[in-house]
Amino acid sequence: MSPKLSSPRINLNKFFELSPDLLGVIGADSHFKHLSPAWESVLGHSHQELKSRPWIDWIHRDDLQKTLSHIHNLVIVGKEQVIFKNRLRCRNGKYRWLSWQANYDAQNHLIYTQVSDLGERPGCSISPNLSVQKFNSPEEHFRLLVDGVKDHAIYMLDRHGRVISWNSGAERINGWEAHEIIGQSSSIFFTSESRQRHLPEKVLTVAATSGRVEFENWRMRKDGSSFWANVTISALRDEQGQLLGYATITRDVTDRKREEEALQQAYDNLEKRVTERTAELQAANSRLREEVQIRRQTEEALRQSEQRLTQQAAQLEQTLRELQNTQAQLIHTEKMSGLGQLVAGVAHEINNPVGFIHGNLEHASHYVQDLLRLIRCYQKHYPNPNPEIEAEIEEIDLDFLIADMPKLLASMNQGTERIQAIVQSLRHFSGLNEAKYKEVDIHQALNSTLRVLDHRLKGDGRYHEIEVIREFDADLVKVACFPGQVNQAFANVISNAIDALREREDSPQEFDYQPRLTVQTQRLDDRVRISFIDNGPGMPESVRSRIFDPFFTTKPVGKGTGLGLSTTYQIIVEKHQGSLLCESPNQQGTVMSLELPLNRCS
């Protein structure tokens, strides 16, 4: 009978000791409970050194917040496993990159970690030459900027109030270096009296509850000296609202505190002197009463004088406004009178010769047709002309003349018809000073105005042609108004829109820009609305609120009088009891809307 074999006893700790990875167990007090030998060979610290301090003390301060966020997801949020990278400080002062894989034992409150050594990488060690440092992330860049702040102590606390980051300003103001203070409770900055009153715990509770707290009190430095500080503490939470820690900004305001104390002392001394002088002042009380009475009488006289001056200033301002309006009206009247006479004269002078030409073109066409018919008859009966006639026929290209002459006359006829249409528009537009109040066709008036301004709408080598879109209401009836004045209002608005479109087209960024002007008419209940919509650069509110003021203009000197829109306002609002509205939504183009009442003349 063979002897019974017993199973060998397996020592699992051998895997822990022989693993090339850094294996560790972290307890609820944030200290290492068990470490594999690889930690000592990678970082250079003994196991006793690593266990003597919280494990977060060895983490690079720029990686601390990110590491705490991962541990929060593991322990608080309940993730099964987290994987992250950070840097740990070696015994020689340099940092090594480590890759962590952590699991949490909720029953025993232990964190089991398997860590791989990634070695030293560029940017791991803290180099004093920041100009050549490469940032691993925008967050690291921001942290370096914060670390460069010298006048404010900027540091972070974990949710238990322990310091987890420390900038150069904090080191200068408080005296502790980063390796001395990280991991310490923030209560170390408070005086013993404040700690007895549990002030450190109270301010953190208020910050966690309200999100932010700001206060001033005495703070302690490393050397035991104190300073008056302005402190702001803000709570930091993750996306789920869980508290991660606190951001603290401390500013030394001792000088201001001393100035306030000195000012208070001066105030107390002054109050003492005032008290001492009270007796002397009581002796002179009767004289002061007389002076007060005189002062009251003087103040009353000054008040009445100021009131009179205010009234006079208001009257002067009203008079100035009336003078400006009168001046604008006089300038506009003189300008429109001269323009109306000029346009009417030009239209009359052009109309007569154009009429002669247009009327004679029909006779010339008949004469040419007769001559051509005669030539064809000669060609039919004398098919073989003498050499001299053949040479002349070839010289003048008779066949081309016969084919092109009717086209030439037709083109001339179209040109004279176009000139007659322009003359008719000029004559219609020249009635600027017409005082008769009558019904007019708004669409005809708009078309005439656009035709007069057609030369500005067309393109040239510098500008594109402005696309004009007419959206006329077919149900619109005639409107009772002063036609010449309304035509001028239309011309002012369209001219300003053209100027705005050309201004945007001059911009170097608008190389593919297509200027566009839309003219809309719409019949409302008892009014008609005429809207001019352009896709120009628009205008800011500071300009839009003043465009109807007399003499206000944004154009260079010599290119604008500032009277166009103010005159339009007088014509539409004051003369016709209508309304005028300018809109520039988000400074994307401009909409100028004119409304006229539809009251019909008797």
Side-chain angles (χ1 to χ4, degrees), residues 53-54 56-57 59-62 64-65 68 89 126 128 130 142-236 243-272:
R53 301 176 64 176
I56 60 175
D57 288 359
I59 301 175
H60 194 293
R61 61 171 174 252
D62 293 339
L64 186 57
Q65 185 63 38
L68 290 176
R89 186 171 66 253
I126 302 176
L130 296 180
F142 176 73
R143 293 189 188 98
L144 289 175
L145 292 176
V146 170
D147 190 58
V149 177
K150 306 297 183 183
D151 298 331
H152 292 71
I154 303 176
Y155 54 94
M156 297 178 63
L157 310 175
D158 63 14
R159 59 179 179 172
H160 302 294
R162 292 176 298 205
V163 178
I164 59 177
S165 71
W166 195 251
N167 80 327
S168 58
E171 181 177 330
R172 186 186 67 82
I173 294 175
N174 294 276
W176 284 282
E177 296 183 1
H179 70 275
E180 297 175 317
I181 197 64
I182 290 180
Q184 299 289 336
S185 172
S186 61
S187 61
I188 196 174
F189 305 128
F190 290 81
T191 63
S192 58
E193 181 183 357
S194 296
R195 290 196 293 269
Q196 290 174 1
R197 294 188 288 113
H198 303 288
L199 186 58
E201 295 81 3
K202 291 179 180 179
V203 296
L204 291 181
T205 301
V206 174
T209 304
S210 60
R212 183 178 182 275
V213 62
E214 183 176 357
F215 61 95
E216 292 186 359
N217 68 348
W218 289 104
R219 309 284 275 184
M220 302 302 297
R221 294 189 177 94
K222 176 183 176 182
D223 59 6
S225 61
S226 61
F227 63 97
W228 189 257
N230 176 274
V231 184
T232 301
I233 301 178
S234 301
L236 302 176
L243 179 65
L244 299 177
Y246 306 89
T248 304
I249 301 177
T250 303
R251 184 164 55 96
D252 185 356
V253 292
T254 306
D255 293 340
R256 192 201 71 190
K257 178 68 173 178
R258 290 172 179 170
E259 291 174 358
E260 292 176 351
E261 291 177 348
L263 183 61
Q264 183 63 38
Q265 183 63 38
Y267 178 79
D268 294 340
N269 294 338
L270 180 60
E271 187 176 9
K272 181 179 179 181

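Hydrogens, waters and symmetry mates play no part in the numbers below; they use all other heavy atoms, side chains included.
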Next item on the list: Can you see which heavy atom on Asn174 is nearest to which on Met220, and at what distance?
Entry: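 Closest pair (atom of Asn174, atom of Met220, distance): OD1-O, 4.3 Å.
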
Notebook entry, point to check: Under 6.0 Å between the ring centres of Phe189 and Trp166?
Noted result: yes

Student check: side-chain heavy atoms of [X] and [Y] closer than 4.5 Å:
X: Ser194; Y: Asn217; value: yes
X: Asn167; Y: Glu171; value: no
X: Ile154; Y: Thr248; value: no

Item checked: Partner residues of Arg197 under the side chain to side chain donor-acceptor pair (under 3.5 Å) criterion, sequence neighbours left out ->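 Arg197: no side chain to side chain donor-acceptor pair (under 3.5 Å) contacts found.
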
Next item on the list: Please check if atom NE2 in His160 has more than 12 non-hydrogen atoms from other residues, nucleotides or ligands closer than 6.0 Å.
Entry: yes

Between atom [atom1] of [X] and atom [atom2] of [Y], what is the distance when rounded to the nearest 0.5 Å?
X: Asp158; Y: Leu64; atom1: CG; atom2: CG; value: 8.5 Å
X: His198; Y: Ser187; atom1: NE2; atom2: OG; value: 11.5 Å
X: Ser192; Y: Gln196; atom1: OG; atom2: CD; value: 5.5 Å

Check [Y] with [X], please: is the shortest side-chain N to carboxylate O separation under 4.0 Å?
X: Arg212; Y: Glu214; result: yes
X: Glu216; Y: Arg251; result: no
X: Lys222; Y: Glu180; result: yes

Check: Who pairs with Asp252 by side-chain contact (heavy atoms from CB on, under 4.5 Å), at least two apart in sequence or on another chain?
Finding: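 Applying side-chain contact (heavy atoms from CB on, under 4.5 Å) to Asp252 gives Ile173, Arg221, Phe227, Thr254.
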
Check: Got a sec, which residues hit side-chain contact (heavy atoms from CB on, under 4.5 Å) with Asn269, two or more places apart in sequence or on another chain?
Finding: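 Asn269: side-chain contact (heavy atoms from CB on, under 4.5 Å) contacts with Gln265.
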
Notebook entry, point to check: Relative to Tyr246, does Arg159 satisfy both conditions: NZ or CZ under 6.0 angstrom from the six-membered ring centre, and within 45 degrees of the ring's axis?
Noted result: no

Note to self: Using only atom types and a distance under 3.5 Å, with no angle test, would you say the side chain of Arg195 pairs donor to acceptor with the backbone of Phe190?
What the structure shows: yes

